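Below, each value reflects all heavy atoms present in this structure, side chains not excepted, and no hydrogens, waters or symmetry copies. Quick caveat: nothing in here was measured; it's all calculated off a predicted structure. Below, read A as the first sequence line, B as the second, and so on, with proteins coming before strands; counting in each chain starts at 1.
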Protein chains: 2
Amino acid sequence: MKDVATAAGVALKTVSRVVNGEPGVHPATAERVRAAIDRLGYRRNESARVLRRGRTATIGLVIEDVADPFYAGLSRAVEDVAIAHDCLLLSGSSGEEAGRERELVETFCARRVDGIVVVPAGADHGYLRPELEAGTKVVFADRPPGAGLDADTVLADNAGGAGRAVRHLLGQGHERVAFVGDAPAIYTAAERHRGYRDALGDRYDPRLVAMRPPAEEAMRADLERMFALDRPPTAIFTGNGRCTVTALRALAGRKVALVGFDDFELADLLRPGVTVVAQDPARMGRVAAELLFRRLCGDEGPPEHIRLPVRLIPRGSGELAP
Amino acid sequence: MKDVATAAGVALKTVSRVVNGEPGVHPATAERVRAAIDRLGYRRNESARVLRRGRTATIGLVIEDVADPFYAGLSRAVEDVAIAHDCLLLSGSSGEEAGRERELVETFCARRVDGIVVVPAGADHGYLRPELEAGTKVVFADRPPGAGLDADTVLADNAGGAGRAVRHLLGQGHERVAFVGDAPAIYTAAERHRGYRDALGDRYDPRLVAMRPPAEEAMRADLERMFALDRPPTAIFTGNGRCTVTALRALAGRKVALVGFDDFELADLLRPGVTVVAQDPARMGRVAAELLFRRLCGDEGPPEHIRLPVRLIPRGSGELAP
DNA sequence: ACACGCCCTGACAGCGTTGTCCGCCCCCTT
DNA sequence: AAGGGGGCGGACAACGCTGTCAGGGCGTGT
């Protein structure tokens with residue numbers, strides 16, 4: 001910038017004014033400055049600007065894994081909202097590890113992001129307290145923060161959606177509905193299990209429940225165990241997109257009714273089409289990011305807890321008779 | 001930091017030394033400083049650090065759309081490599097618009113990212129020249145830069161893979177193989193078309209070629225037109241993952257052999273399984289990012305042009321007889 | 001013609017950090 | 001006991017930018 005000023009024969013501050021489109025610069029001068037800028041290939045140093053002004057125009061996003069379609073969709077929506085607010089997005093995948101989540105959040109804070117959207121992997125967010133006090137805005141998406149922290153949260157209607165799925169299967173005449181979900185430590189998995197159990201009431205049988213990170217072999221074993229029971233399941237409710245896909249593989253053509261939580265591409269092209277309880281990851285991302293920007297714009301209201309609806313999409317697999 | 005120094009009763013610089021783990025600080029002093037840091041919830045301001053040191057420990061990634069599984073996979077791989085080098089990742093989606101690509105790249109440069117991995121949407125990268133001269137390292141992935149710029153590039157073997165797919169279909173006895181690809185302005189689409197045409201030789205018939213952004217209705221019309229020909233296609237080669245999925249929907253059960261470029265989840269669960277020429281997006285991301293970091297570590301060799309192999313995965317749809 | 005005011009420009013400080021350099025003090029050696 | 005050296009701590013400037021404030025030149029009104 002100094003070089004530009006020298007080249008254009010003006011003061012540093014005048015160049016700054018031109019670069020920032022501030023008023024009060026003679027058009028001819030501005031033109032000379034712009035010419036110098038082009039000639040020298042000058043580009044403003046945002047780090048210095050940030051240092052001076054205190055706002056980074058950057059938000060952070062911590063998700064579980066960008067390569068998961070659910071989070072990819074959420075990610076894209078957050079990005080779009082950020083762009084609309086002239087912000088950039090720093091993102092990182094926690095890989096479902098609390099430590100990694102914390103590292104990411106702390107790194108983002110050290111870079112003075114204006115705010116963060118977090119899909120928490122850990123259960124303790126005490127480490128966030130100093131950040132929150134320092135004014136960093138945080139919105140939790142998909143899962144709530146650990147106990148003792150009341151913050152903005154955007155969740156899907158997990159238990160409700162699970163209940164919906166189970167009642168749909170019961171409505172088809174199924175009496176034995178299994179649940180295949182992710183590790184119980186994961187909030188969404190636990191909530192969906194709760195919704196499943198509540199909807200089943202007396203019919204609930206823990207032998208029909210398998211909860212662990214989805215892996216084909218393990219799931220196949222779980223399913224075999226269930227099918228070997230006296231009264232085997234005639235329907236399965238899977239707890240998230242990856243569980244659904246893994247289950248479809250593990251079932252290998254066995255004819256069972258199935259409803260999955262989370263929609264996924266090609267669910268309609270399989271035979272039978274896969275009935276799902278669909279969330280809208282893009283909407284979740286958008287809502288979370290918009291809430292974050294409202295906070296950044298000075299909204300100081302009490303923490304909001306938004307619950308997004310889910311919807312059942314019948315495609316065939318959930319309508320199979322027992 | 002000043003506050004910490006005051007609180008600990010030491011000089012600013014001493015705190016800096018503690019924070020950076022520099023030697024030459026008495027253990028007791030260091031402990032006092034750390035206590036003050038904890039007490040005050042101090043966190044180093046990276047912006048100031050960047051300003052002073054000149055390195056941001058951040059790299060940029062410009063892709064077409066994070067929500068596309070191909071780019072999501074690539075993205076995750078780049079992120080992993082960045083993390084391994086203690087770098088953060090700024091990412092943005094160009095949405096296949098040259099202007100947006102340029103904006104993203106320029107914004108990243110203004111933030112002084114150390115380097116950028118770009119999946120170019122535009123064809124003219126003259127705007128990058130000043131950045132390159134300023135020392136910003138750029139690696140192109142999936143598509144090469146526009147003419148006149150020789151830079152590090154990581155590409156898949158597009159034409160070769162397309163030829164492979166077509167020869168596979170010809171080997172099953174097909175004489176009429178159609179190509180359904182993305183817009184011809186997209187490098188990968190054009191290359192795959194080239195491979196397709198070269199492999200067909202005399203059998204090439206432009207009436208069996210449809211190239212445009214994949215949308216179900218338009219593609220259905222294109223396919224109907226082809227099937228209405230005197231000698232309709234008995235096999236289809238689709239030019240990328242989205243085209244494959246769109247084509248599967250547009251075909252709606254019509255029995256035609258099909259090989260798609262790009263693998264996708266569930267391709268094995270459809271009936272028949274979808275035969276594909278698979279690239280490895282994670283590998284592309286990893287290779288590109290590692291090349292970038294080699295450059296950042298001072299490798300000044302001539303630009304590299306890496307071509308990644310693809311592999312044919314037969315699953316049934318490509319093995320249907322005419 | 002003079003005063004006043006407006007428009008434009010520039011000097012300067014400071015954002016929070018780190019690199020350089022200097023000086024103190026203590027301990028060891030002679 | 002005096003001199004030298006090393007280990008430790010501190011003062012200062014600079015990174016590139018922007019906010020504040022002051023000042024110069026020129027037009028306008030009386």
Salt-bridged, [X] to [Y], with N to O below 4.0 Å?
{"X": "B:Glu300", "Y": "B:Arg295", "answer": "no"}
{"X": "A:Arg286", "Y": "A:Asp80", "answer": "no"}
{"X": "A:Asp114", "Y": "A:Lys137", "answer": "no"}
{"X": "A:Glu96", "Y": "A:Arg143", "answer": "yes"}
{"X": "B:Glu106", "Y": "B:Arg102", "answer": "yes"}

Looking at A:Arg17 and C:dG10, is any side-chain donor or acceptor paired with a base atom of the opposite kind under 3.5 Å?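 Between C:dG10 and A:Arg17, which were checked side chain against base, a qualifying N/O pair under 3.5 Å is present.
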
Under 3.5 Å, is there an N or O donor on one side and an acceptor on the other linking the side chain of B:Lys2 and the base of C:dG16?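 Answer is no: no donor-acceptor pair is held.
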
Just the rounded figure in Å: distance from [atom2] of [N] to [atom1] of [X].
{"X": "B:Leu51", "N": "D:dA13", "atom1": "CG", "atom2": "P", "result": "17 Å"}
{"X": "A:Asn45", "N": "C:dT17", "atom1": "CG", "atom2": "C1'", "result": "14 Å"}
{"X": "A:His26", "N": "C:dT9", "atom1": "NE2", "atom2": "C1'", "result": "12 Å"}
{"X": "B:Glu31", "N": "D:dC8", "atom1": "CD", "atom2": "C1'", "result": "17 Å"}
{"X": "A:Arg49", "N": "D:dG19", "atom1": "CZ", "atom2": "C1'", "result": "13 Å"}
{"X": "A:Glu22", "N": "C:dC7", "atom1": "CD", "atom2": "P", "result": "16 Å"}

[X] side chain N/O closer than 4.0 Å to the phosphate oxygens (OP1, OP2) of [N]?
{"X": "B:Arg52", "N": "D:dG16", "result": "no"}
{"X": "A:Thr14", "N": "C:dG10", "result": "yes"}
{"X": "A:Asn20", "N": "D:dT18", "result": "yes"}
{"X": "A:Thr29", "N": "C:dT9", "result": "yes"}
{"X": "A:Arg53", "N": "D:dC17", "result": "no"}
{"X": "A:Ser16", "N": "D:dC17", "result": "no"}

With DNA chain C as reference, determine whether A:Pro27 or A:Lys13 sits nearer its 5' end, using the nearest nucleotide of each.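 Final value for this comparison: A:Pro27.
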
Of A:Ala30 and A:Leu12, whose nearest nucleotide on DNA chain C comes first from the 5' end?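 Final value for this comparison: A:Ala30.
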
A:Ala11 has a side chain; which of C:dC8, C:dG16, C:dA11 sits nearest to it?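 Among C:dC8, C:dG16, C:dA11, the one nearest the side chain of A:Ala11 is C:dA11.
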
How would you label the contact of B:Val10 with the nucleic acid (heavy atoms, under 4.0 Å): base, sugar-phosphate, or nothing?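 Result for B:Val10 = sugar-phosphate.
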
Specify the residue among A:Val19 and B:Gly9 whose closest nucleotide of DNA chain D lies further upstream toward the 5′ end.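 Upstream on the strand: B:Gly9.
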
